[in-house]
Amino acid sequence: MHLRVRKNKGEKIRKRLIGEDALDERMEVERDNRYLYFPLKKRVQYPDTRIVERAGVEKDARPKSLKESLSGTLSSGDLEYVPSSFDVIGDIAILEIPAKLEGKKEIVAKSLLKTFRNINVVAAKETRVSSEYRIRHVEVIAGERRTKTLHREHGCIYRLDVESAYFSPRLSAERLRVAKKVKKDERVLVMFAGVGPYAVLIAKKINPKEVIAVELNPDAVRYMGINVSLNRVNVEVIEGDVRVETPKLGRFNRIIMPLPKDAGDFLDVALPALKKDGVVHFYDFSHSREESIKKVRSLTEKLGYGIKVLDAVKCGSYNPSLNRICVDFKIDDHLE
Ligand SMILES: C[S@@+](CC[C@H](N)C(=O)[O-])C[C@H]1O[C@@H](n2cnc3c(N)ncnc32)[C@H](O)[C@@H]1O
């Protein structure tokens, strides 16, 4: 039994049905071009509405979170340790399994697979991101045995292997923020370019005069090449060390430096490659925006440059006390 209601009266009627405990919340509210159909627990009579018979659609009763899906399977003590969030790269979920749940990680992973239809692989983070390539080893604990996937972000697609190259879906909004600043006539250098998420996005959204991306990890470079082709964009991909390659590339209107721990060690090659009025997006891990600005000022001053800070944004975190900060700046004057 359903109550047929004109769409413009829907909200008012819904509230009234809930108030009178007449709405059957186990069933979906259905709709067509003109009407909403509210599933009823009991007969009601409201002006301008009509009781109609429909088959009805049961609501998806699947749990909404990983924790919810495990209640009843794990003890309440164990439930406390179930992660409330995890990264999703393509169809791979990457979880941090707390030591307390180590013996139950397969139960957790299988439950995650059942709960989220878009996930086909569940992997556990084995170590913190480490090494020059910023790679994270993972252990596949449920689903298909693979670490390769296809990730979608802002209308671009990225083929990648979560084990052989760095990629963080958490930086998606930050990449878009930077991309939106790029102008058509710019030459852009993406240092530490990974599998290409800055370079491809900028080329796709803005298609500026030139985008050059430099990356050291051969696996990441191979995927970046694939991603440039997949997205049909114009990016020059260079495999090599930023320190060696940058001086060969001329001057840029914009240089992106997404290597938070060590970007400071490369300012000596980045700054001479900047055009007048060129902008640097400098990534850092620190406790505050002020701390990062101070660091950038001090590093650039040591190199003989005065800078103008355009912005400093918090765009993630490394751990509960260390933020990922991007300082956008341009060179104000040469101090020497
Ligand atoms: C934190 S990741 C960022 C990757 C990518 N920009 C992204 O946002 O997904 C840093 C990348 O810099 C690369 N890298 C580290 N040192 C480098 C260097 N000296 N020259 C070029 N690339 C380097 C690493 O291999 C890694 O892929």
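For the pair Glu58 and Arg26, the salt-bridge criterion is not met [side-chain N within less than 4.0 Å of a carboxylate O]. The residues Arg6 and Asp48 are annotated as not salt-bridged, no charged nitrogen and carboxylate oxygen being separated by less than 4.0 angstrom. A salt bridge does not link Glu25 with Lys41: none of the charged nitrogens is closer than 4.0 Å to a carboxylate oxygen. Ion pair Asp161/Arg146 not flagged as a salt bridge, since none of the NZ, NE, NH1 or NH2 atoms sits closer than 4.0 Å to an Asp/Glu carboxylate oxygen. Lys248 has a carboxylate O that lies under 4.0 Å from a charged side-chain N of Glu245, or vice versa, which qualifies the two as a salt bridge. Remark: Glu139 engages Lys105 in a salt bridge, criterion side-chain N to carboxylate O under 4.0 Å.
Under the side chain to side chain contact (heavy atoms under 4.5 Å, CB included) rule, Val279 has a single partner from Val188, Asn253, Leu310, which is Leu310.
The cationic atom of Arg16 (NZ for Lys, CZ for Arg) lies less than 6.0 Å from the six-membered ring centre of Tyr46 and within 45° of the ring axis. For the pair Arg134 and Tyr166, the cation-pi test (distance below 6.0 Å, angle within 45°) is failed. Within the cation-pi definition used here (under 6.0 Å to the ring centroid, within 45° of the axis), Arg4 does not qualify as a partner of Tyr37.
Residues Phe167 and Tyr223 place their aromatic rings such that the two centres sit no closer than 6.0 Å.
Under the rule for a salt bridge (Lys or Arg N to Asp or Glu O under 4.0 Å), Arg159 has no partner lying at least two apart in sequence or in another chain. Under the ring pair (Phe, Tyr, Trp, His ring centres under 6.0 Å) criterion, Phe38 pairs with no residue at all, not counting sequence neighbours.
To the nearest 0.5 Å, atoms CZ (Phe282) and CD1 (Ile256) are separated by 14.0 Å.
Side-chain polar atoms of His281 and Arg254 form a donor-acceptor pair below 3.5 angstrom.
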